[in-house]
Amino acid sequence: MSNKYRDYDNYLKEYPDENGYFGKYGGNYLDDPELIKAFNEYAEGYQTIAQSAQFIAELRRIRKDFQGRPTPVYHCQNLSNLLGRTQIYLKREDLNHTGAHKLNHCMGEGLLAKYMGKKKLIAETGAGQHGVALATAAAYFGLECDIYMGEVDIAKQAPNVTRMKMLGANVVPVSFGLKTLKEAVDAAFMAYSKEYHDAIYCIGTAAGPHPFPLMVRDFQYVVGAEARSQFIEQTGHLPDKVVACVGGGSNSIGMFTPFIADPVEIIGVEPGGRGSALGDHAASVTYGKEGVMHGFNSIMLADENGDPAPVYSNASGLDYPAVGPEHAMLYDQGRFNYVTASDDEAIEALFMLSRNEGIIPAIESSHALAYAIREARKGKPESILVCLSGRGDKDLDYVVEHYGYGEEFLAKMEAARK
Ligand SMILES: *Cc1c(COP(=O)(O)O)cnc(C)c1O
């Protein structure tokens, strides 16, 4: 295992640099001068305000009283016994308020908006998970909230649209182009470039131009920091492997960085979808290469023109054609490893956790668990700590319609392994 890092504080001093670069990845490649001004103000605000003792104390109190942190680390004894000798543990972000890790950075962004004197939060959403988390933060802080969403996604994601409206957010339909996430991103950026005096833009993952990858990493760091001390307290040692699913890379970067200086193997699980051809997966590190999109340099899936390639996964929170720049750097350095789990493997993991432990995970999180199950079947006496990024309530209709209740699907997967 290659590990050049001796402690986390030194790592933090080195990365990112003042322009938001993690090695050669990151930065700000926007060309709209208004947006560049807006992002400079944002980075400045983040670097001064968010380091103040008052900000840190207030965020800590919010995490405890409103979000219900710390979330537990749970030893899956039934599942571990079923699989053999490997011990599987879960960091239960599904028990974070609103049912996933996304609220961790949304509350941080909302608090920053308040300290910067802004009145509105702006974002786009695809499946609606980020929109719901941000609408929750806006309600808490008494801020206005504009969520840009493609008309096609609005029709597909009715329950989340209802939630956002219930929370008082303004869901703005985007009706140009393919009317999905990509157009929603463009519309939200356009709105931000006009409204940044009164509003801040809130990204949904650890990607985008500086300062987003840094800021979201810092707000998600709590996940791994809690998990690390909880795990040590329960077992007396570090886990052998730490695992999380990777879309843009927010739950994973928060889970991973606190372990960076430890003798622990770190594995990001990307959505392998239904095959390895471009358009059948969203495994950006596994199949992608260096490039610039959405205002930052990283490893990504691009078409022959360098534009974002079409991506697919049965987990809509994972179908992003790039990863955050910190992932790209730590992959190059050999510190983080990336593997894939397919649609079917994720669903198998979802059913196994539901039936053996009484926990229904999100399909996104099930990708991370699927890798842990694959490893556990090898029968090594080791421990694997998995970030269970969210709960599966949002996925139930989809799962039942496509895969049933589990019995037949699990038998089919079992037969295929023989
Ligand atoms: C959005 C989402 C993800 C993927 O996003 P990352 O930024 O890669 O963490 C993973 N799990 C759940 C439950 C999500 O809602």
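Just so you know, ligand 1 is whichever comes first in the structure, and atom 1 is the first atom listed for that ligand.
- Aromatic rings from Tyr196 and Phe39 are positioned such that their centres are separated by 6.0 Å or more.
- Rounded to the nearest 0.5 Å, atoms OH (Tyr192) and CG (Leu35) are 7.5 Å apart.
- Between Tyr201 and Phe189, the angle of the ring planes lies from 30° to 60°, which puts this pair in the tilted group.
- Between Ser389 and ligand 1, an N or O atom pair is found at a separation short of 3.5 Å.
- The distance criterion of under 3.5 Å between nitrogen or oxygen atoms is met by Gly248 with respect to ligand 1.
- In summary, the atoms of ligand 1 found under 4.0 Å from a heavy atom of Cys245, numbered by their order in the structure, are 10 (C).
- Annotation: His101 places an N or O atom under 3.5 Å from an N or O atom of ligand 1; distance criterion only.
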Inset, instruction - Any chance you could lay out the side chain to side chain contact (heavy atoms under 4.5 Å, CB included) test for Ser316 and Glu364, step after step, and finish with the verdict? - result: CA-CA 8 Å; Ser316 54; Glu364 288 82 359; 4.1 Å; yes

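- Heavy atoms of His130 found under 4.0 angstrom from ligand 1: none, in either backbone or side chain.
- Remark: ligand 1 and Gly204 share no N or O pair separated by less than 3.5 Å (distance only, no angle test).
- Considering both main-chain and side-chain atoms, Ser250 comes within under 3.5 Å of ligand 1 through a nitrogen or oxygen pair.
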Inset, instruction - Check step by step if side chain to side chain donor-acceptor pair (under 3.5 Å) holds for Thr71 and Lys91. - result: CA-CA 7 Å; Thr71 58; Lys91 174 59 172 168; 2.9 Å; yes

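- Within ligand 1, the atoms closer than 4.0 Å to a non-hydrogen atom of Gly390 are 13 (C), numbered from 1 in the order shown.
- Every atom of ligand 1 with a heavy atom of Gly247 under 4.0 Å away is listed here by number and element: 8 (O).
- Ligand-side atoms of ligand 1 in range of Thr205: 6 (P), 7 (O), range being under 4.0 angstrom from any heavy atom.
- The closest protein non-hydrogen atom to atom 14 (C) of ligand 1 is Lys102 NZ, 2.9 Å.
- Note: Tyr42 and Tyr46 fail the aromatic proximity criterion, with ring centroids not under 6.0 Å apart.
- On a distance-only criterion, Gly249 and ligand 1 share at least one N/O pair closer than 3.5 Å.
- Across Asp395, Leu396, Asp94, a single residue satisfies side-chain contact (heavy atoms from CB on, under 4.5 Å) together with Ile360, and that is Leu396.
- Nearest protein neighbour of atom 5 (O) of ligand 1, counting heavy atoms only, is Gly317 O, 3.9 Å.
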Inset, instruction - Check step by step if salt bridge (Lys or Arg N to Asp or Glu O under 4.0 Å) holds for Lys380 and Glu265. - result: CA-CA 14 Å; Lys380 277 192 239 158; Glu265 213 179 310; over 6 Å; no

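- Of the options Phe256, Phe336, Tyr25, Tyr338, a ring-ring contact (aromatic ring centres under 6.0 Å, His included) to Tyr331 is made by Tyr338 and by none of the others.
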